[in-house]
Structures are given as C-alpha cells and as structure tokens.
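Shown next, in structure tokens, is the structure this report addresses.
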Amino acid sequence: MASNRNLLVLPGDGIGPEVMNEVRKIIAWMGKKRAVGFDITEDLVGGAALDKHGVPLTDDAMKTALEADAVLFGSVGGPKWDNVEFDKKPERGLLRLRKEMDLFANLRPAKVFDPLVDASSLKPEIVKGLDIMIIRELTSGVYFGEPRGRTKLANGDFEAFDTQRYNSSEIRRVCAVAFELARKRSNKVCSSEKANVMHTGVLWREEATKLHKEKYADVQLSHMYADALAMQLLRSPNQFDVIVTDNLFGDILSDEASMLTGSLGLLPSASLGAADATGRRKAMYEPIHGSAPDIAGKGLANPIAQALSYAMMLRYSFDLDKDADLVEKAIENVLAAGYRTGDLLVGNTDGVKKVGTQEMGDAIIKELDRLA
Ligand code: NAD
C-alpha cells in the first residue's frame, strides 16, 4: 500500500532477521486491517553488510536512513566478525547510524507485564506495576569524547584513555526530552550523574536545574548520583518515572533496569534526534538485545522486543497511539494466555505454552484478529 510514511528496515545479524520476520507480519496486518501502511525499504547492516559490501553500513543505506521517517533496526554482531578490524566491526554500522542521524535521546522503557511478574529476579511485590522510562544521552560523553586511544609508556606498559565530555546544549536537549515525556506520564524526572566526583556531573546537574527552572517548573525534578540510583533501582524501583542520564551511566543503568522485567527478549527502545521545522524527528527503533548468536537460526528467539519497538515507532514517530496500544495489548494478552518463548520460562511455569519465534508471532496476529 502506498503511504506517506517511509520506513527503513535493517534486520541485521543473528536473531535480527528472525524476529524482524514476525514484525513484518504485524506490519502487514496493520496495513491491511487498520490502514497503517508504510513504504518499506530493506537493507543490510552489521556483519551481513560487511560480508556483502565490505563495510558494516553502506553510504547508500546511510542516505536512505537519513531520508526515512523512521528506521526499524534488528541487531548486529556475532562471533564470525569478532576479529575484524575496529572500524569494520558490525557495531560500527549502528554507531554510524546513531551519530549521523544525531540520535541523541535513547528511550528505554522498563515495564513489567503482570503475567510475567514472577519472571523478574526481584520479588513480585517490588516490581509489580513497574513502568519506568530511562532516557540515555546517546551521541556524546565518553563513548565519543576526544582524545581517546592508547600509547606505550617508557617503562613498556600500555596506557589507554577515553575522554568524558559534555557541553551545555547536549545536556539541555536530552533533559528537555525527559521533561516533555514526563508531562505525558507521571510528571516526575530523576536526573542522574556523579556531580560529587566528575566535572561533567557538576555541569549536568547545573544545566538540568536551570532548564527545569526556565521551562519545566511544573515537572517534579530530583537528582541522584548514578551509583545511588543503581542501588535504588533494585531496592524500590517504583519510586521512579522518567530517569535521564548520560551515555555511560545510561548504558549500565538501563541494562540493570531491564533485568527488573525478566528478559531481554521483552525490551524495546527508541532513539530520537532533534525536531526539524516540520516537527519531524529522525528516529530509530530497536530491541535492546543483541544478535543472540547462541540461539540464532534455531527459531527460539522471542520477537516481542522487536514488536514493541515497532509499537514505540507508531507512538513516537507517527502519533498512532491507538495502534500502538493495540499491538501492546495483543502482546500482553498473549503473555496472559501463557505463551512463552524459552527466555521467559522462569519462575512459575504452570500452565504455560512453550513456543518458538514463529508461533509467538502467529499468536500475536491471532490476538490482533480477536481484538479487532
Ligand atoms: P545478546 O543480547 O545478544 O544475548 C544475551 C543473552 O540473552 C543470550 O543468552 C541470548 O540468547 C539471550 N537473548 C537475547 N535476545 C533474546 C531474544 N529476543 N529472545 C530470547 N533470548 C534472547 O547479548 P550478547 O550475547 O552479549 O551479544 C551477542 C552479540 O550481539 C555480540 O556480537 C554483541 O556485540 C552484539 N550486540 C548487539 C547489540 C545491537 O545490535 N544493538 C546489542 C548488544 C549486543
């Protein structure tokens, strides 16, 4: 179906293409039954692109990504490419997309579905009803700061170094995304850094506070050191709504939060850029899991994280909230009916139906049919 919405699909490596196949079924269903159509281009990324083109992302694919309204990304990497030179590593394809699309705000929801409250490694009473959103700054900080590298010292030792660097605008734009999102949720933001020991942390806290005072005083703002936050996420995670933090702390804290929900196979993410004059933001949606080489090709992967990434795309790139709600509801109902891929077989497994990737995808489609 022709539409005004251009979507680039990059399935990538390992389980990426397997879970993306299931999402393509959901996309087709939404096109047919709810007139939510896309003009879809598909391309290679990561090891798959390296094998075919000698680079982890071609310039053509990069151009298509820059022109698309949204990119739906699978996952990249795997042991086959572990020893390729640094600049050709599959992950460089992903980093190039993030950098050139200037996707500075990474949204990672951690939500516990009621039927899976037993799957968390924490007690059900601690995680029940959990619904938090971690916003990680994605294009600056220590993963990009210069200088970086390694040198050989006079005594023969090697010394390696990275630079943690942030400027005011980088901090303000990601904090603005957090405040705006909080207004649509429980109106609470916790900003996290290590202002006690890092200059970037001091600047982060100053800028978050200033911006809050200038434009978002209606939102409740708190600050917490990143190490304290790591503890509080395990002790009483329900105290948080939106958390905003830098690239490095966000990487670690969002992985920690994801484990509160039970499985990597359930967690989507969105990465957003600045709004242009028409209000359109460059955006990429991807599950937080990797290419899972240990189960790739076996039909065992859970497609839910990829499907929820598609739902986030409907919500944040196209304002199709009702359609996103429908996909999320179908997934919750399928879980409530006891369908479980292997990664979800923890805790109480009485009455569950063990399924593979395709069966999980089919169950979601069947539930969409029923709900519609
Ligand atoms: P991983 O997320 O691929 O896997 C961790 C564990 O979780 C594995 O046991 C895996 O089987 C399981 N798992 C992950 N997703 C699952 C799903 N949908 N369903 C069921 N089980 C699932 O992380 P890893 O093993 O550390 O990394 C594997 C490769 O993926 C590496 O090459 C790494 O660099 C790459 N990676 C890529 C991305 C990305 O593309 N964004 C992110 C993380 C890791």
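Atoms considered below: every heavy atom in the structure, side chains included; atoms not considered: hydrogens, waters and symmetry mates.
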Can you check whether Leu326 reaches Arg34 side chain to side chain, under 4.5 Å on heavy atoms?
yes
Taking Asp369 first and then Lys33, would you say they form a salt bridge - that is, a charged N and a carboxylate O separated by under 4.0 Å?
yes
So, Lys188 side chain and Gln239 main chain: donor-acceptor pair closer than 3.5 Å or not?
yes
Quick check against the 3.5 Å criterion: does Arg340 have a side-chain atom that pairs as donor or acceptor with the backbone of Lys353?
no
Are any side-chain N or O atoms of Asp13 and backbone N or O atoms of Ala48, one a donor and one an acceptor, separated by less than 3.5 Å?
yes
For Met259 and Leu264, what are the C-alpha separation, side-chain angles and deciding distance, and is it a side chain to side chain contact (heavy atoms under 4.5 Å, CB included)?
CA-CA 7 Å; Met259 279 298 94; Leu264 279 177; 4.2 Å; yes
Any chance the side chains of Gln306 and Glu22 put a donor and an acceptor closer than 3.5 Å?
no
If a pair satisfies side chain to side chain donor-acceptor pair (under 3.5 Å) and one of its residues is in residues 287-296, list it, with sequence neighbours excluded.
none
Kindly give the cluster partners of Ile132, where membership spreads through any ILVMFWY side chain lying under 4.5 Å from a current member.
Val112, Val117, Leu122, Ile126, Val127, Leu130, Ile134, Val197, Met198, Met224, Leu229, Leu233, Leu234, Phe240, Ile243, Phe249, Leu253, Leu260
Flag the pair Lys89 and Asp82 as a salt bridge only when some basic side-chain nitrogen lies within less than 4.0 angstrom of an acidic carboxylate oxygen.
no
Scan residues 201-223 for pairs that pass ring-ring contact (aromatic ring centres under 6.0 Å, His included), counting only residues two or more places apart or in two chains.
Tyr166-Trp204, Phe179-His212, Phe179-Tyr216
Just checking, is any N or O donor in the side chain of Thr209 or Glu206 under 3.5 Å from an acceptor N or O on the other one?
no
Arg315: side-chain hydrogen bond (donor to acceptor under 3.5 Å, both in side chains) partners, not counting sequence neighbours:
Asp325, Glu328
Give a yes or no on whether a salt bridge exists between Lys152 and Asp157, defined as a side-chain N under 4.0 angstrom from a carboxylate O.
no
Using the test salt bridge (Lys or Arg N to Asp or Glu O under 4.0 Å), find all partners of Glu137 that sit at least two apart in sequence or belong to another chain.
none
Taken to the nearest 0.5 Å, the spacing of Phe38 CZ from Ile27 CD1 works out to 6.5 Å
Salt bridge check, Asp69 against Lys282: does any charged N sit closer than 4.0 Å to a carboxylate O?
no
Are the side chain of Gln164 and the backbone of Val142 linked by a donor-acceptor contact shorter than 3.5 Å?
yes
Hey, any chance Ile40 and Trp29 share a hydrophobic cluster, counting ILVMFWY side chains that come within less than 4.5 Å of each other, even indirectly?
yes
Could I get the full list of salt bridge (Lys or Arg N to Asp or Glu O under 4.0 Å) partners for Arg150, not counting sequence neighbours?
none
Under 3.5 Å, side chain of Ser236 to main-chain N/O of Gln232, donor-acceptor pair present?
no
Derivation of the side chain to side chain donor-acceptor pair (under 3.5 Å) call for Asp162 and Tyr143
CA-CA 8 Å; Asp162 300 280; Tyr143 294 159; over 6 Å; no
Out of curiosity, does Val327 fall in the hydrophobic cluster containing Tyr285 (side-chain heavy atoms, cut-off under 4.5 Å, transitive links)?
yes
Quick check: do Thr261 and Leu116 have side-chain heavy atoms less than 4.5 Å from each other?
no
Apply side-chain hydrogen bond (donor to acceptor under 3.5 Å, both in side chains) to Glu18 and list each qualifying residue two or more places apart in sequence or on a separate chain.
none
Side chain to side chain contact (heavy atoms under 4.5 Å, CB included) between Leu344 and Tyr339, intermediate numbers included
CA-CA 9 Å; Leu344 302 177; Tyr339 289 86; over 6 Å; no
Do the side chains of Asp246 and Arg136 get close enough for a salt bridge, i.e. N-O under 4.0 angstrom?
no
List the steps, then state whether side chain to side chain contact (heavy atoms under 4.5 Å, CB included) holds for Asp227 with Met231.
CA-CA 7 Å; Asp227 48 343; Met231 286 195 279; 5.8 Å; no
Which residue, Ile288, Leu308, Ile304, forms the side-chain contact (heavy atoms from CB on, under 4.5 Å) with Leu267?
Ile288
Within the structure provided, determine whether Val244 and Val174 are in side-chain contact (heavy-atom separation under 4.5 Å).
yes
Holding to side-chain hydrogen bond (donor to acceptor under 3.5 Å, both in side chains), I want the full list of residues that pass it with Asp60, two or more places apart in sequence or in another chain.
none
Could you tell me whether Asp241 and Arg185 make a salt bridge, using a distance below 4.0 angstrom between a side-chain N and a carboxylate O?
yes
Side chains of Glu146 and Thr163: do they bring a donor and an acceptor to under 3.5 Å?
no
Grouping ILVMFWY residues whenever side-chain heavy atoms fall under 4.5 Å, the cluster of Trp81 otherwise contains Leu50, Val84
Residues that, via side-chain heavy atoms closer than 4.5 angstrom, fall in one hydrophobic cluster with Tyr225
none
Picking from Asp102, Asp87, Asp59, what satisfies salt bridge (charged side-chain N to carboxylate O under 4.0 Å, His left out) with Arg96?
Asp59
Transitive ILVMFWY cluster of Phe161, excluding itself - 4.5 Å side-chain cut-off:
none
Lys63/Glu67 salt bridge by N-O under 4.0 Å criterion:
yes
Is there side-chain contact between Leu44 and Leu10, with at least one heavy-atom pair below 4.5 Å?
no
Asp114: salt bridge (Lys or Arg N to Asp or Glu O under 4.0 Å) partners, not counting sequence neighbours
Lys128
Where the side chain of Thr41 meets the backbone of Leu8, is there a donor-acceptor pair that is under 3.5 Å apart?
no
Got a salt bridge between Glu286 and Arg98, using NZ or NE/NH1/NH2 to carboxylate O under 4.0 Å?
yes
